[in-house]
Amino acid sequence: MARANDEAAALIQELADLLSITGGDAFKIRAYEKAARAIAGHPDDISGLDLAGLRKIPTVGEAIAKKVLDYNTTGTIRQVEELRTQIPAGVRALTAIPTLGPKKALAVYEELGISSVDELAEAIKEGRLRGLKGFGAKTEDNILRGIELMRSSGERVLLDVAAGVADEVVAALSALPQVERCAHAGSLRRMRETIGDVDVLAASTDPHPIMEAFTALPLAAEVVVAGDKKTSIRTDRGLQVDLRIVPPEAWGAALQYFTGSQAHNIRTREIAVKAGLKLSEYGLFDADSGDLIVSRTEDEVYERLGLPWIHPALREDTGEIEAARKDELPRLVTVEDLRGDLHSHTDLTDGIASLEDMVAAAADRGLEYYAITDHAPNLFMQRMTDEKMLAQRERVRELQKEYPGLVLLHGTELNIDPDGGVDWDAGFLAGFDICVASVHSHFTQDEAEMTRRLVRACENPHVHVIGHPTARSIGRRPAVNADWDEVFRAAARTGTAMEIDSFPDRLDLPADLIRRAKRFGVRFSVDTDAHSLGHHRNIRYGVGTAQRGWLTPDDVINTWPLERLRAFLRKDGGAR
DNA sequence: GCCGTTTTCGGCCCGACTGTTTTCAGTCG
């Protein structure tokens, strides 16, 4: 499913990695890294671009454009192939070990011929690194622990796990008298779909006792680094938590810095430099005099750089700086914008809460409309029947009388079969207020079959929303193979919404596909797919994903007033 | 390698911590 853009970007990034090992010019390496990000984030398919088209991509110049053309015609890049003969893949893999970078990787390869993580571990145990310049006892120790960590728990965690840890740390530290402000930052604030480590920021004039309290937290299994400005711990589950403490007056600059992404920060600092300023976590300064200009709020920092405040979900250097300069940033959808939820389950199928309890939870969220969409019969283990579904509909109509402010929609989650058909005939389907249709089986069909399957589902006049379209399970099952541009064209043409499922292990559609779909004019539905009362809280992850996809309220059908939504559900083009 | 309402050549983001060093390189974010 990897697009040409992703493969070309990976090759350019590999070129940067290999050059950093062989000791290439650091600025050239950064140029490759920037270009790799730009190519991966470029909306157009690079395989259809010529030299001039490629050079229009920011940070892609003559030399890199030619390398991409090389990839377009040969499927690889000649310089990468050449460097691979000099530096074995295993040496590049060494740099994935925490505390071991390109310089040390090259040293062990050149001096000892080590070209894999296993060989390195073996060499350390045999004492073969002794006497190697720059490698002392502590370094050996750190590498061994780094290897251990990488093998056991070095994986990224899901958003809800990271959010739970962050909430606990922020709550504990906020209770300390020395702490004036405390919040999480980093990739969690940007709502990335998985989190490598949790970043927490605190403002204080007296950091030492805070750091001591931090390392003494029950969840701190190990202290990784310890200073008065920065301290890192690791939880017993292997998740690293970084705490940075800054003076209260530096809060805004620090929050901007520690939210990242690194690529976004590089851009903002470059803008500062060009304006004769210097931006760091302590503030925006005059480059010559060193005088502080602003630092208290993120707003001030961006404003002084000539930019509007940029939402954290956009801070990936994938076009937000350019959009900000032109004052074309989208007004992103928020949890508060949502009037309804169009996908949920009850204990009639695999939910664990009753219809009554789920509806009460929806009412507590302040929703104006709410769809109950239990599974359809072809998901055989759920034992759905026509009779059960019609009986549920009666209960929904009864229950409606108790909720004058919440319109209940009776729906179902259909199963898209391998040919693109769904569970019921048109007559029965017409009785539902809304139908979500999802892929629940035959995940490994080839791209052509899967594309046809999804397009046919969109073309069904009774299918309103494609549920969790890629069917991925983060860390467990990859996305299905499909020609997504073809699917999105069909969705836009037929007035079928793409779901953004809020489950932390789904987040489906993913943000990059959301941005692609939006370019075709596709509409979206941000839903919980709740199977229990607690799942209603997951909506913030779905909204975060929608924000990362640059969506406005108008793009999201369940922000619309009910009448506009009903027109969309008629699939006659009236609301599009 | 890229880029330019100061520049087509000379710049290129900034700081914290660790470890092996006698003043700093490497790594990380």
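So that the names make sense, note that chain A is the first sequence line, chain B the second, and so on, each numbered from 1.
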Q. Say you pick atom P in B/dC14 and the same atom in B/dT20; how far apart are they, in whole Å?
A. 30 Å
Q: Describe the nucleic acid contact of A/Gln262 in one word from base, sugar-phosphate, nothing, applying a heavy-atom distance below 4.0 Å.
A: base
Q: By nearest nucleotide on DNA chain B, pick out whichever of A/Phe135 and A/Lys229 is the more 5' one.
A: A/Lys229
(Q) Measuring from the side chain of A/Ile64 (C-beta onward, heavy atoms only), which nucleotide among B/dG19, B/dA16, B/dC2 has the closest atom? (A) B/dC2
Q) Rounding to a whole Å, what distance do you find between A/Arg30:CZ and B/dC28:P? A) 17 Å
Q. At under 4.0 Å between heavy atoms, what does A/Ile271 touch on the DNA or RNA strands: base, sugar-phosphate, or nothing?
A. nothing
Q. Has the side chain of A/Glu281 got a donor or acceptor that lies under 3.5 Å from a partner of the other kind on the base of B/dG15?
A. no
Q: Evaluate the side chain to side chain donor-acceptor pair (under 3.5 Å) criterion for residues A/Arg192 and A/Ser187: first the C-alpha distance (whole Å), next the side-chain angles of each, then the deciding distance (0.1 Å), finally the verdict.
A: CA-CA 6 Å; A/Arg192 276 200 52 170; A/Ser187 53; 5.8 Å; no
Q: Starting from C1' on B/dC3, measure out to CZ on A/Arg55 and report it in whole angstrom.
A: 10 Å
Q. Looking for any heavy atom pair under 4.0 Å, which part of the strands does A/Ile266 touch: base, sugar-phosphate only, or nothing?
A. base
Q: For the side chain of A/Ser280, starting at C-beta, report the closest nucleotide among B/dC14, B/dT18, B/dG1.
A: B/dC14
Q: Considering only atom P, compute the distance from B/dG15 to B/dT6 and round it to an integer number of Å.
A: 25 Å
Q: Using only side-chain N and O atoms of A/Lys230, determine if any of them is under 4.0 Å from OP1 or OP2 of B/dA16.
A: no
Q.
Can you measure A/Arg37 atom CZ to B/dG1 atom C1' for me and round it to whole angstrom units?
A. 14 Å
Q: Output the single nucleotide from B/dG1, B/dG29, B/dC13 whose closest atom is nearest the side chain of A/Glu270.
A: B/dC13
Q. In terms of side-chain heavy atoms, does A/Arg189 have a donor or acceptor partner in A/Thr259 at a distance below 3.5 Å?
A. yes
Q. Taking atom P of B/dC3 as reference, at what distance in whole Å does atom CD of A/Glu322 sit?
A. 11 Å
Q) Considering only B/dG26, B/dC12, B/dC17, which nucleotide approaches the side chain of A/Lys103 most closely? A) B/dG26
Q) Would you say the side chains of A/Ser20 and A/Asp17 form a donor-acceptor pair under 3.5 Å? A) no
(Q) Using atom P in both nucleotides, what's the gap between B/dA16 and B/dT5 to the nearest angstrom? (A) 32 Å
Q) Can you tell me how far C1' in B/dC13 sits from the matching atom in B/dG29, rounded to whole Å? A) 12 Å
Q) Under 3.5 Å, is there a donor-acceptor pair between the A/His264 and A/Glu316 side chains? A) no
Q.
Would you measure the distance from the P atom in B/dC12 across to the matching atom in B/dC17 and give it in whole Å?
A. 25 Å
Q. Which part of the nucleic acid, if any, lies within reach of A/Asn265 when heavy atoms closer than 4.0 Å are counted: base, sugar-phosphate only, or nothing?
A. nothing
Q. Going by a 90° cut-off around 0, is B/dT6 syn or anti?
A. anti
Q. What is the nucleic acid contact for A/Tyr257, judged by heavy atoms within less than 4.0 Å: base, sugar-phosphate only, or nothing?
A. base
Q: Would you mind pulling out the nucleotide paired to B/dC12, Watson-Crick or G-U wobble, both distances under 3.5 Å?
A: B/dG1
Q. Nearest nucleotide by nearest heavy atom, which residue falls closer to the 5' end of DNA chain B, A/Gly134 or A/Gly101?
A. A/Gly134
Q: Would you kindly give the CD1-to-C1' distance between A/Ile57 and B/dC2, to the nearest whole Å?
A: 14 Å
Q: For A/Asp228, answer base if it contacts any base atom (sugar-phosphate contacts may also be present), sugar-phosphate if it contacts only those atoms, and nothing otherwise; contact means non-hydrogen atoms under 4.0 Å.
A: sugar-phosphate
**Q.** Sugar-phosphate, base or nothing in reach of A/Arg244, heavy atoms under 4.0 Å
**A.** sugar-phosphate
Q | A/Glu180 versus A/Ser204, side-chain donor and acceptor atoms under 3.5 Å | A | no
Q: Can you tell me the distance, in whole Å, between the CD atom of A/Gln256 and the C1' atom of B/dG15?
A: 14 Å
Q | A/Glu82/A/Arg78 salt bridge by N-O under 4.0 Å criterion | A | yes
Q. Across the strands shown, which category fits A/Leu279 at heavy-atom distances under 4.0 angstrom: base, sugar-phosphate, nothing?
A. sugar-phosphate
Q: Assign A/Ala38 to base, sugar-phosphate, or nothing according to its heavy-atom contacts below 4.0 angstrom with the strands shown.
A: nothing
Q) What about A/Tyr282, does its side chain sit under 3.5 Å from the base of B/dG15 through a donor-acceptor pair? A) no
Q. Which is true for A/Lys104 with a 4.0 Å heavy-atom rule: it touches a base, it touches only sugar-phosphate, or it touches nothing?
A. sugar-phosphate
Q: Would you classify A/Lys278 as touching base, sugar-phosphate or nothing, given that sugar-phosphate means primed atoms plus P, OP1 and OP2, and contacts are heavy atoms under 4.0 Å?
A: sugar-phosphate
Q: For B/dT23 versus B/dT18, give the span between their C1' atoms, rounded off to a whole number of Å.
A: 15 Å
(Q) So A/Thr545 and A/Ile514, do their side chains get closer than 4.5 Å, heavy atoms only? (A) yes
Q.
Over all strands shown, is A/Ala226 touching base, sugar-phosphate only, or nothing at heavy-atom distances under 4.0 angstrom?
A. sugar-phosphate
Q: Look at the side chain of A/Arg269 and decide which nucleotide, out of B/dC17, B/dT20, B/dC13, has an atom nearest to it.
A: B/dC13
Q. Do A/Tyr541 and A/Glu193 have side-chain atoms, one donor and one acceptor, less than 3.5 Å apart?
A. no
Q) OP1 or OP2 of B/dT18 sitting under 4.0 Å from any side-chain N/O of A/Thr139? A) no
(Q) Output the rounded distance in Å from CG (A/Asp17) to C1' (B/dG1). (A) 16 Å
Q: Send over the distance from A/Ile143 CD1 to B/dG26 P, rounded to a whole Å.
A: 14 Å
